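Contents: one structure, followed by commentary.
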Amino acid sequence: MTIQIDRYISDAEIEAYATGILQKYGRQYKPITAPPVPIEDIIDLVVDIPIVREAIPDHQGSPVLAKLVARGHPHPVLEIIVNENKQLFFDQYKGTEEYSLAHELGHDVLHIDHGSLNTLLLPDTKEESVTLCRMNLDEERDRNAKRREFQAERFAACILMPQDLLRAACARVDIYHWPTLYSLKDQFRVTISALTNRLKELHMVVITPERKLVPYQGQLATHSYSLWE
Amino acid sequence: MEFGRRLRDLRKQKHVSQRDLAAQVGIDFTYLSKIEVGRSAPPSEEVIRHIAQVLDADEDELINLAGKVPKDLKAVLEESPQAVELLRVLSERKLPDETYRQMLELARESDVVQPGKQNQNRGDQQQK
């Protein structure tokens, strides 16, 4: 029985889920007033999903950084498994571990029907765990699977780069300058592409085909954006 | 309750992250993450005691949950077949608390105190 939820979720709703979790962390622990967002603590201490480091084999020939699984009989619990064999990669490419964690949290928040979790693993099931929200090669054309991935990415951006923190950080610096953005991505512990995507989504910056950073300029910029991208 | 689950609960009550706890007790945080979900066996008695100190938790409770016999008790059990027999008899019966209290008093009144345990024993009595 599936416990996955496939539906259209608006950007505003995704942002609201992320903001709600950040506020809960603020109430229970301490308000987040500066980057980076402590995503590992949020998942571990507030959302209460164990994060386990263990080896994850490649999936259909592709490396896997992290995954969301349900484990245990007869009452399965969710866990986020982070591939411990990718620690060097995570260390080398700062922000990738945090983004992977936030992405899996996105699946948990947006795509898991928690009320039906106990129906997932039947008592006579031999399987040790079930991987959730995984995209298979034969599913690549599956609109739902792609949409789930897109939504989880969106959630990760919203929770790691909350609008208030991002706007406050950008207000103090010249964001039309690449070195500034590289400094910002270090502060938020995200990748440069994650940061620029978020800034573009929020219409805070436009990247020209010549890789120049320019301010968003209403209709013209929106039109150009769609042509360039 | 399982050791790992209890450890995770205690850590969360104290608002300590896995990485912080692991660093404080000198183990790898990836190992701690496995212990908490039961994927790895509990650590050594020394590490468990260290964890209990950091989390301000009951050392004996954690050691028991880990299925370990504390070193000092292990030595007694190895030396004294009667002690083993006593524990076996106790494990087979459900005795009232009063009986345990009387047995403890009797044991504490004994003249023979194990070498090196005198101060600890006296401390126990003072606490009572």
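Source: prediction; values computed, not measured. Reminder, nothing fancy here: chain letters follow the sequence lines and each chain counts from 1.
In this structure, a donor-acceptor pair under 3.5 Å is present between the side chains of Glu149(A) and His107(A).
Residue contact with chain B, scored on non-hydrogen atoms closer than 4.5 Å, involves the side chain of Glu84(A) exclusively. For a residue to count as touching a neighbouring chain, one of its non-hydrogen atoms must lie under 4.5 Å from one of that chain's; by this rule Asp41(A) touches chain B with the side chain only.
Within the 4.5 Å cutoff, the side chain of Gln151(A) has no heavy atoms near those of the Lys146(A) side chain. Within the 4.5 Å cutoff, no side-chain heavy atoms of Lys14(B) are placed close to those of Leu10(B).
The backbone N or O of Val16(B) sits less than 3.5 Å from a side-chain atom of Arg11(B), completing a donor-acceptor pair. Checked by atom type and distance alone, the side chain of Thr196(A) pairs as donor or acceptor with a backbone atom of Ile192(A) at under 3.5 Å. Using modelled atom types, one side-chain atom of Ser100(A) and one backbone atom of Thr96(A) make a donor-acceptor pair closer than 3.5 Å.
Atoms CG and CD, from Asp11(A) and Glu201(A) in turn, are 7.0 Å apart once rounded to the nearest 0.5 Å.
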Let me see the working for His114(A) and Asp108(A) under side chain to side chain donor-acceptor pair (under 3.5 Å), right down to the final yes or no. CA-CA 9 Å; His114(A) 291 261; Asp108(A) 170 74; 3.2 Å; yes
Stepwise salt bridge (Lys or Arg N to Asp or Glu O under 4.0 Å) test for Glu104(A) and Lys67(A): CA-CA 6 Å; Glu104(A) 298 307 328; Lys67(A) 63 180 182 177; over 6 Å; no
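Salt-bridge annotation for Glu40(A) and Arg19(B): present, with a side-chain N of the basic residue lying under 4.0 Å from a carboxylate O of the acidic one. For the pair Asp186(A) and Lys94(A), the salt-bridge criterion is not met [side-chain N within less than 4.0 Å of a carboxylate O].
For residues 15-31 of chain A, heavy-atom neighbours of chain B at less than 4.5 Å comprise Gln28(A), Tyr29(A), sorted by residue number. Residues of residues 25-32 of chain B lying under 4.5 angstrom from chain A, judged on non-hydrogen atoms, are Phe29(B), Thr30(B) in numerical order.
Between chain B and the options Val82(A), Asp48(A), Ile51(A), heavy-atom pairs under 4.5 Å are most frequent for Asp48(A).
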